[in-house]
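See below for the structure under consideration.
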Amino acid sequence: MDQLSISELNKVDLFPIVQQVFDKAFKEEKLIYNESDSFEILEDENLKFKIEIVGGLSKRPSNRPQEPGIKTNIPRPRKDVHAADPFMIPEPELTVIECLADEYRLILNKYPNTSNHFLLVTREFVKQDSLLMPKELATMYFTLQNLGRHENYFTFFNSGSESGYSQYHKHVQFMPFPKELQNIFVHDLVRGEEFYLPKDTRSSRQCLNDPNCPYQHYVLPLPRIPFGLEEAEEQLGMAYMVLFRKVLNCFKHLNSTNPFDVSYNLLMTTKWIMIIPRRNAKFDKVWTNALAFIGLFLAKDTEIQGLIKEYGPSTILQENGFPNNGDVLGDENDY
């Protein structure tokens, strides 16, 4: 498909289009993907986790200007990062929508974690570490709404050197919830909650936080009645900034050695939006991005799978994120 505005997106049925492009690309061997049945389900601190071996992880290239955990190394020259950028001129066989809302593309993930895994990428180069724009948040929201006619999808964004991203060109990912993880803790946390925006630290209503979850997280419920287009940009933009300021506070109070070297994962459905501050991309050899924080651990081989089980998912998430302190940190008016 060549071109769609956000308002036109609602008039098409997106999931069958994604599925058709995915099936064709897989048949023509344009994807590095083998559906895995090698996984384990375990519970740790009352949370359910799926640990799955994904062979394509070992083949997935990285294109970061600087490696996580190394604060003193010399960044790669920008021209090298641009030269290795797979999103500037994506393979036609992987393209779902060439031009969405003027500034974006929908393309398949060449190294998918599951079937029908795709990306929203900027048509021009934008750094992955840049903030999400209101237009991008609205596009994410309406894409999810469209996909929800067929599948239970979520979207996620990894930002900052310790967030677990592999590509520096700005991209947001869309995946269907694994059937084993349909009832994650966030669903229960927002059940019965109405949409609201905390106004300041004196407000009686702050971001939602599950005290039984081992890692720091901040959640806001989204409205039961879907947003309109203009309302989505405004309200989602404000919700995102509330959550981002929580991340800044977390780094200010808990990572004082470099409080402005900020990394985080953001996840969203049509019912909620959650942010997780990140201090490490990996613990030992176990890398995590946003997926691990909703219970999906992906391992490239049995060695990594064994390490996840040995350390325990909760320990890894606390080390790669922060231990959960609720929503009690500092004065947001500092920012």
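The aromatic rings of Phe195 and Phe227 lie perpendicular to each other, with more than 60° between the two planes, well past the 30° mark.
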Given the rule in the side-chain hydrogen bond (donor to acceptor under 3.5 Å, both in side chains) test, do Tyr215 and Asn320 qualify, once you have shown the distances and angles that lead to the verdict?
CA-CA 9 Å; Tyr215 57 85; Asn320 284 355; over 6 Å; no
Under the criterion side chain to side chain contact (heavy atoms under 4.5 Å, CB included), I'd like the reasoning laid out for Ile273 against Leu266: C-alpha separation, chi angles, the key distance, then a yes or no.
CA-CA 7 Å; Ile273 182 169; Leu266 181 132; 4.0 Å; yes
Would His150 and Asp13 satisfy side-chain hydrogen bond (donor to acceptor under 3.5 Å, both in side chains), going step by step from the backbone distance to the final call?
CA-CA 9 Å; His150 296 272; Asp13 200 3; 2.9 Å; yes
Tyr264 and Phe293: CA distance, side-chain angles, deciding distance, ring pair (Phe, Tyr, Trp, His ring centres under 6.0 Å) verdict:
CA-CA 11 Å; Tyr264 64 94; Phe293 291 89; over 10 Å; no
Kindly indicate, with the supporting measurements, whether the criterion salt bridge (charged side-chain N to carboxylate O under 4.0 Å, His left out) is fulfilled by Glu40 and Lys50.
CA-CA 6 Å; Glu40 295 184 49; Lys50 179 180 182 181; over 6 Å; no
So His217 and Phe185, ring pair (Phe, Tyr, Trp, His ring centres under 6.0 Å) or not? Walk me through it.
CA-CA 12 Å; His217 61 283; Phe185 78 95; 5.2 Å; yes
Show your reasoning for whether side chain to side chain contact (heavy atoms under 4.5 Å, CB included) applies to Asn113 and Leu57.
CA-CA 8 Å; Asn113 298 322; Leu57 288 179; 4.2 Å; yes
How far apart are the C-alpha atoms of Ser163 and Asn265, what are their side-chain angles, what is the distance that settles it, and do they pass the side-chain hydrogen bond (donor to acceptor under 3.5 Å, both in side chains) test?
CA-CA 6 Å; Ser163 67; Asn265 301 126; 4.7 Å; no
Is there a side chain to side chain contact (heavy atoms under 4.5 Å, CB included) between Thr143 and Phe118 once you walk through the steps?
CA-CA 11 Å; Thr143 299; Phe118 68 95; 4.1 Å; yes
Stepwise side chain to side chain contact (heavy atoms under 4.5 Å, CB included) test for Asn152 and Leu147:
CA-CA 7 Å; Asn152 185 19; Leu147 293 164; over 6 Å; no
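No chain of hydrophobic side-chain contacts below 4.5 Å, direct or via other Ile, Leu, Val, Met, Phe, Trp or Tyr residues, connects Val121 to Leu9. Hydrophobic clustering (ILVMFWY, side-chain heavy atoms < 4.5 Å, transitive): Ile97 and Phe15 are in one cluster. Cluster annotation: Phe154 is connected to Val172 through the hydrophobic network of ILVMFWY side chains, with a link wherever side-chain heavy atoms come within less than 4.5 Å. No continuous path of hydrophobic side-chain contacts links Phe87 to Met175 [ILVMFWY only; heavy atoms under 4.5 Å]. Val247 and Leu236 fall within the same hydrophobic cluster, where Ile, Leu, Val, Met, Phe, Trp and Tyr residues are linked whenever their side-chain heavy atoms come under 4.5 Å apart, directly or through other members.
Side-chain atoms of Asp44 come within 3.5 Å of backbone N or O of Ser314 as a donor-acceptor pair.
Summarising the geometry, atom CD1 belonging to Ile304 is positioned 9.5 Å from atom NZ belonging to Lys282; distances are rounded to the nearest 0.5 Å. Between atom CD of residue Glu310 and atom CG of residue Asp284 there is a gap of 8.0 Å, rounded to the nearest 0.5 Å. A distance of 6.0 Å separates CG of Asn324 from SG of Cys213, quoted to the nearest 0.5 Å. Interatomic distance, Gln216 CD to Ile275 CD1, rounded to the nearest 0.5 Å: 11.5 Å. If you take OG on Ser161 and CG on Asn280, they are separated by 10.0 Å, rounding to the nearest 0.5 Å. Distance check: Asp210 CG to Leu189 CG gives 5.5 Å after rounding to the nearest 0.5 Å.
Side-chain atoms of Thr139 and Glu136, non-hydrogen and from C-beta on, never get closer than 4.5 Å to each other. The closest side-chain heavy-atom distance from Glu28 to Glu93 is below 4.5 Å. With contacts defined as side-chain heavy-atom distances shorter than 4.5 Å, the pair Phe283/Thr288 does not qualify. The shortest side-chain heavy-atom distance between Leu208 and Glu193 falls under the 4.5 Å cut-off. Looking only at side-chain heavy atoms (C-beta outward), Leu42 and Pro313 come within less than 4.5 Å of each other. Between Gln128 and His169, every side-chain heavy-atom pair lies at or beyond the 4.5 Å cut-off. Side-chain contact check for Ile316 versus Phe297: some heavy-atom pair is nearer than 4.5 Å. The side-chain heavy atoms of Ile294 and Leu181, taken from C-beta on, include no pair separated by under 4.5 Å.
Within a 6.0 Å sphere centred on CD of Glu8, other residues, nucleotides and ligands contribute more than 12 heavy atoms. Atom NZ of Lys135 is surrounded by more than 12 heavy atoms from other residues, nucleotides or ligands within 6.0 Å. Heavy-atom neighbours of Gln182 CD from other residues, nucleotides or ligands within 6.0 Å: above the threshold of 12.
Aromatic rings from Tyr153 and Phe174 are positioned such that their centres are separated by 6.0 Å or more. Taking the centre of each ring, Phe177 and His187 come in below the 6.0 Å mark. In this structure, Tyr33 has its ring center closer than 6.0 angstrom to the ring center of Phe22.
Remark: Arg205 is positioned above the aromatic ring of Tyr196, its terminal NZ or CZ atom under 6.0 angstrom from the ring centre and at most 45 degrees off the axis. Arg279 forms a cation-pi arrangement with Phe322, by the criterion of a distance under 6.0 Å to the ring centre and an angle within 45° of the ring axis.
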